[in-house]
Amino acid sequence: MTPLQRAFHDVLADLGEGEVVSYGEVARRAGRHGAARSVGAFLAEHGSDLPWWRVVRADGSLAAHKVAEQQRRLRAEGVEVTGGRVTDAMPR
DNA sequence: TATATGACGTTGC
DNA sequence: AGCAACGCCATAT
């Protein structure tokens, strides 16, 4: 585990129920402003044991892989999702 | 070192 | 609003 991965992990692990953030936001919270793509790369392997469904794109759209799955989980936490986008919680 | 790749972001059309 | 071009960061070859 590189310090960066540890950082990303911590940020993601701190996300609470119904708390939605963007990839860029995660990068910033981890002290790596602009490293949004890296967050995605990280989630690609260690995402299985983290609340990956609480991470969406900057415009609120869901990650283009398991859209249905992610939408299901978000709604289960009370997050409003319409047309593949989060509409109530405004990330950043 | 150099190049290619991708769960992204911003801007311009 | 939707899409294409770039730009960006970290990794894998």
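Reminder, nothing fancy here: chain letters follow the sequence lines and each chain counts from 1.
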Could you give the [atom1]-to-[atom2] distance, from [X] to [N], as a whole number of Å?
| X | N | atom1 | atom2 | answer |
| --- | --- | --- | --- | --- |
| A:Glu69 | B:dA7 | CD | P | 17 Å |
| A:Arg29 | C:dC9 | CZ | C1' | 19 Å |
| A:Leu43 | C:dT11 | CG | P | 13 Å |
| A:Leu15 | B:dA7 | CG | P | 20 Å |
| A:Glu45 | C:dT11 | CD | P | 9 Å |
| A:Tyr23 | C:dC8 | OH | C1' | 16 Å |
| A:Met1 | C:dT11 | CE | P | 11 Å |
| A:Arg73 | B:dA7 | CZ | C1' | 14 Å |

Let me know, please, whether A:Arg37 or A:Phe8 comes out on the 5' side of the other along DNA chain C by nearest nucleotide. A:Arg37

What distance do A:Arg29 atom CZ and A:Asp10 atom CG have between them, rounded to the nearest 0.5 Å?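 Atom-to-atom, A:Arg29:CZ and A:Asp10:CG are 12.5 Å apart.
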
Does a side-chain N or O from [X] land closer than 4.0 Å to OP1 or OP2 of [N], or not?
| X | N | value |
| --- | --- | --- |
| A:Arg32 | C:dA10 | yes |
| A:Ser61 | B:dA7 | no |
| A:Arg85 | C:dG2 | yes |
| A:Arg57 | B:dC8 | yes |

Using the test side-chain hydrogen bond (donor to acceptor under 3.5 Å, both in side chains), find all partners of A:Arg75 that sit at least two apart in sequence or belong to another chain. none

Side chain to side chain, A:Tyr23 and A:Ser38, heavy atoms closer than 4.5 Å: no

For residues A:Glu80 and A:Leu74, determine if any side-chain heavy atom of one lies less than 4.5 Å from a side-chain heavy atom of the other.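 Counting from C-beta outward, A:Glu80 and A:Leu74 never come under 4.5 Å.
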
Out of C:dC9, B:dA7, C:dT11, which nucleotide sits closest to the side chain of A:Gln5?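 For A:Gln5, the side-chain atoms sit closest to C:dT11.
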
Nearest-nucleotide pick for A:Ala44, side chain only, options being C:dC9, B:dA7, B:dG9: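 So the nucleotide nearest the side chain must be B:dA7.
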
Apply the test side chain to side chain donor-acceptor pair (under 3.5 Å) to residues A:Trp53 and A:Gln71: give CA-CA distance (whole Å), side-chain angles for both, the deciding distance (0.1 Å), then the verdict. CA-CA 8 Å; A:Trp53 58 90; A:Gln71 174 176 292; over 6 Å; no

How would you label the contact of [X] with the nucleic acid (heavy atoms, under 4.0 Å): base, sugar-phosphate, or nothing?
| X | result |
| --- | --- |
| A:Leu62 | nothing |
| A:Ala41 | nothing |
| A:Ala36 | sugar-phosphate |

